[in-house]
Amino acid sequence: MLDLQYICDNPELVEENCKNRGVKCNIPRILELRTQRSSLITAGDEIRRQQKETAAKIPKATAEERPTFIEQGKQLKVEVAENEAALKEVETELHAEQSILPNMTHPEAPLGGEEDGSVLRKWGEPTQFDFTPKDHVELMADLDLVDFEAGAKVAGSGFYFLKNEAVLLEMALVQFAIEKVRGEGFTLYTTPDLARQDVLQGTGYQPRGPETQIYSIENTDLSLIATAEIPLGGMLRDQILDEAELPLKAAGISHCFRTEAGGHGKASKGIYRVHQFTKVEMFCFTAADFAKSDEVHQLIVRIEEEIFQALEIPYQVIDTAAGDLGGPAYRKFDLEAWMPGRGDGGTYGEVTSASNCTDFQARRLGIRSKSPERKGTQFVHTLNGTAIAVTRAMIALIENHQQADGSIRIPEALQKWLGTDCICAKK
RNA sequence: GGAGAGGUGGCAGAGUGGCCGAAUGCACUGGUCUUGAAAACCAGCGUGGGGAAACUCACCGGGGGUUCGAAUCCCCCCCUCUCCGCCA
């Protein structure tokens, strides 16, 4: 949510930003509603003031005066109710208009849509093979690492059982990621895999409706989380933090559940696009200062890169274009890992995503900070980024480290968790 | 799941229809005193909305209701604690 004051002070900037992000908005209407809102509030305050005044006279009034005051009070009560109804109507519309607006955009983020993200840097070269590489589906089938039929039988298409060394590999990736982020000063959490509707909405997810990516639990207001960003953001809802203790760095280990409604048009073989996966997510709260949140944003990307470097997986870093940013993001960097089995002869596929949401989420979540030097409070900046999304990382790892004999080389960083340097073919 | 007790400012805790945005204590900030500190004393000390400002309004877990008037009464929901049951 953008600050109403900011919108009204900078209508042309907000409108321009909406255009860049491909969002239809109605700024003049917002300005109009805002004026209506102000005058309704002023009028309502005055009525309530009179109401209090009248009510206060009654205990002291004589028996003759009393009925007059009570009559006045009744009249005022009606007026208050009318005012409230009018205000509610205006605020509902205002809120709806305001909710459409995406966050503002980092001045350096590229313009354009999905194809216009700029490659900031590349690490490593697409892996060369002196044999015809397989994709992860084939590799995992050959090594008996996954069972899609069983997944479909139990939970439907898009679910899977990991088997054998793939299970160890999942654990190893998680272990490796949490050791890494812990070393960077992140507090570790395992989070609830379910969250209430208002927490989902606070973090910018729409739990119900035709377009939703979220599974809901029937007869409750709970939904399965799509990422630990949701519980980690919700964790500090409506709190006022001490600015001295910022930035707060949290890492959550959770399962992620996504309906992937309409997601099957795109090429998504195997475990690339699934309904459930395990992820270690970083989530940070910083002071309301763009320089500070930018700095933490860079930190998150650095950690992501170091993780993929340690896994010896070539990747590129994308600065996502304005038109391709989700609503809450001010700037977003994605790591795309080289996946030799994807597309025709390999392509880069998204493995992490790091967003600076500035105060956009915090405003809805009511997370503020306070400093002795300043009067009042400010909404903090929030950032999130993937440390490891197990299935995507697993694809990149398996496909890049496959050997001619169909076995998979385990990079050194994972060997202590897996206890082996190779997932080898069964005899 | 059953029975009971609760949810009030940063914390503790009073308040059961008007004098309550809320006593008191602790914490915190400033001041007096002191060589300095402590103690003592004095003063200040929640958040948000509207307004250029004066000022004003809202907020006592959340939402509805009763009333001229609600922290206080009624209804629904959420949460916490205690006991019992069940259970990895």
Side-chain angles (χ1 to χ4, degrees), chain A residues 1-9 30-95 97-98 190-202 207-208 216-223 230-231 234-246 248 255 285 287-288 359 362-380:
Chain A
M1 183 91 73
L2 281 184
D3 180 31
L4 185 57
Q5 186 69 47
Y6 179 86
I7 300 167
C8 295
D9 290 346
I30 290 179
L31 299 178
E32 206 174 295
L33 288 165
R34 141 98 167 183
T35 309
Q36 287 178 21
R37 173 174 179 269
S38 295
S39 52
L40 283 170
I41 287 173
T42 308
D45 281 1
E46 175 58 20
I47 302 167
R48 263 186 296 272
R49 196 193 57 71
Q50 289 175 23
Q51 190 183 33
K52 281 167 99 167
E53 199 176 80
T54 307
K57 285 184 200 159
I58 289 173
K60 296 170 203 138
T62 61
E64 297 84 66
E65 293 172 324
R66 201 163 283 205
T68 318
F69 290 141
I70 290 179
E71 201 40 54
Q72 261 178 37
K74 283 186 174 172
Q75 179 55 36
L76 287 167
K77 187 159 90 161
V78 172
E79 287 177 36
V80 167
E82 284 168 0
N83 175 273
E84 274 174 2
L87 182 61
K88 191 174 175 185
E89 197 175 314
V90 167
E91 289 200 317
T92 304
E93 190 186 343
L94 181 60
H95 187 264
E97 289 293 340
Q98 208 181 333
T190 54
T191 75
D193 284 345
L194 283 78
R196 282 181 208 291
Q197 200 150 168
D198 50 4
V199 173
L200 278 277
Q201 279 163 347
R208 319 247 158 156
S216 292
I217 309 292
E218 214 173 339
N219 301 324
T220 71
D221 73 337
L222 290 169
S223 297
I230 293 167
M235 187 167 68
L236 296 180
R237 221 155 63 101
D238 295 322
Q239 288 203 23
I240 299 175
L241 309 172
D242 182 354
E243 202 169 301
E245 61 192 34
L246 299 177
L248 286 181
H255 285 127
F285 304 84
D359 61 359
R363 182 165 293 107
R364 245 188 310 218
L365 289 167
I367 305 175
R368 292 169 289 166
S369 73
K370 206 180 158 114
S371 149
E373 289 97 65
R374 209 177 327 92
K375 224 180 131 53
T377 59
Q378 294 182 298
F379 290 106
V380 299

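First the proteins, then the strands, lettered A, B, ... as listed; each starts at 1.
- For the pair A:L4/A:R37, a side-chain contact is recorded, criterion being any heavy-atom separation below 4.5 Å from C-beta on.
- Heavy atoms only, all atoms of each residue included: A:S369 and A:V380 are closest at CB-CG1, 3.6 Å.
- Spacing between B:rC26 and B:rG7 at atom P, rounded to whole Å, works out to 23 Å.
- Going from atom CE of A:M1 over to atom P of B:rG49 covers 13 Å, rounded to whole Å.
- Spacing between B:rA14 and B:rG6 at atom C1', rounded to whole Å, works out to 15 Å.
- Between A:S39 and A:K52, it is A:S39 whose nearest contact on RNA chain B lies nearer the 5' terminus.
- Taking side-chain N and O atoms only, A:K57 has no distance below 4.0 Å to OP1 or OP2 of B:rG18.
- Straight-line distance between the P atoms of B:rC41 and B:rC57: roughly 36 Å, to the nearest whole Å.
- Proximity of A:L31 to A:R34: side-chain heavy atoms (C-beta onward) are nowhere separated by under 4.5 Å.
- With C1' as the reference atom, B:rG13 and B:rA22 are 12 Å apart, rounded to whole Å.
- Closest approach to the A:K77 side chain among B:rU56, B:rG48, B:rU67 is made by B:rU67 (side chain taken as heavy atoms from C-beta onward).
- The side chain of A:P59 approaches B:rG18 more closely than any other nucleotide in the set B:rG46, B:rG18, B:rA58.
- In this structure, A:T42 reaches the sugar-phosphate backbone alone: every heavy-atom distance under 4.0 Å involves primed, P, OP1 or OP2 atoms, never a base.
- Heavy-atom neighbours of A:E46 CD from other residues, nucleotides or ligands within 6.0 Å: above the threshold of 12.
- Ranking B:rG51, B:rG69, B:rG48 by closeness to the A:A55 side chain, first place goes to B:rG69.
- Taking side-chain N and O atoms only, A:S38 has a distance below 4.0 Å to OP1 or OP2 of B:rG51.
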Do any side-chain atoms of residues 52-64 of chain A form donor-acceptor pairs under 3.5 angstrom with protein atoms, and if so which ones, sequence neighbours left out?
unit_1	atom_1	unit_2	atom_2	d
A:E53	OE2	A:R49	NH1	3.0
A:T54	OG1	A:Q50	O	2.8
A:T62	OG1	A:E65	N	3.3
A:T62	OG1	A:E65	OE1	3.4

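- A gap of 23 Å separates the C1' atoms of B:rA12 and B:rA39, to the nearest Å.
- Atom-to-atom, CD of A:Q239 to P of B:rU47 comes out at 15 Å; the value is rounded to the nearest Å.
- Regarding A:L40, its CG atom lies at a distance of 11 Å from the C1' atom of B:rG50, rounded to whole Å.
- When distances run from any side-chain atom of A:R37 to the nucleotides B:rG50, B:rG46, B:rC68, the shortest one goes to B:rG50.
- B:rG50 atom P lies 9 Å from atom CG of A:D3, rounded to whole Å.
- The shortest distance between the side-chain N/O atoms of A:K60 and the OP1/OP2 oxygens of B:rG69 is not below 4.0 Å.
- Contact annotation: the side chain of A:L241 never approaches that of A:K370 to less than 4.5 Å [non-hydrogen atoms, C-beta and beyond].
- For A:R49 and B:rC55, the shortest distance from a side-chain N or O to OP1 or OP2 is not below 4.0 Å.
- Between A:I230 and A:V199 there is a side-chain heavy-atom pair separated by less than 4.5 Å.
- In this structure, CZ of A:F379 is placed 13 Å from P of B:rU47, rounded to the nearest angstrom.
- Comparing the same atom, C1', in B:rG63 and in B:rU56 gives a spacing of 26 Å after rounding to whole Å.
- Nucleotides B:rU16 and B:rC73 place their P atoms 9 Å apart, quoted to the nearest Å.
- Within the 3.5 Å criterion, the main-chain N or O of A:S223 finds no donor-acceptor partner in the side chain of A:Q197.
- Listed nucleotides: B:rG50, B:rC68, B:rG46. Nearest to the side chain of A:I70: B:rC68.
- When the P atom is compared between B:rC20 and B:rU24, the two are found 12 Å apart, to the nearest whole Å.
- The one candidate from A:I30, A:T92, A:I7 that meets the side-chain contact (heavy atoms from CB on, under 4.5 Å) condition with A:E97 is A:I30.
- Between A:L4 atom CG and B:rG48 atom C1' the separation is 14 Å, expressed in whole Å.
- Contact between the side-chain N/O atoms of A:T377 and the OP1/OP2 oxygens of B:rG48 is found at a separation under 4.0 Å.
- The side chain of A:R48 lies closest to B:rA58 when the candidates are B:rU47, B:rA58, B:rG69.
- Dashed line: the shortest gap from a side-chain N or O of A:Q51 to OP1 or OP2 of B:rG69 is under 4.0 Å.
- Heavy-atom distances to RNA chain B give each of A:R368 and A:E71 a nearest nucleotide, and the one nearer the 5′ end belongs to A:R368.
- For A:D45 and B:rG51, a side-chain-to-base donor-acceptor distance below 3.5 Å is absent, hydrogens and geometry of angles not being considered.
- The residue A:R66 sits apart from the nucleic acid: no heavy atom pair falls under 4.0 Å.
- The strand RNA chain B forms stems, runs of 3 or more Watson-Crick or G-U wobble pairs with distances below 3.5 Å, at B:1-7 with B:78-84, B:10-12 with B:24-26, B:28-32 with B:40-44, B:46-50 with B:55-59, B:61-65 with B:73-77.
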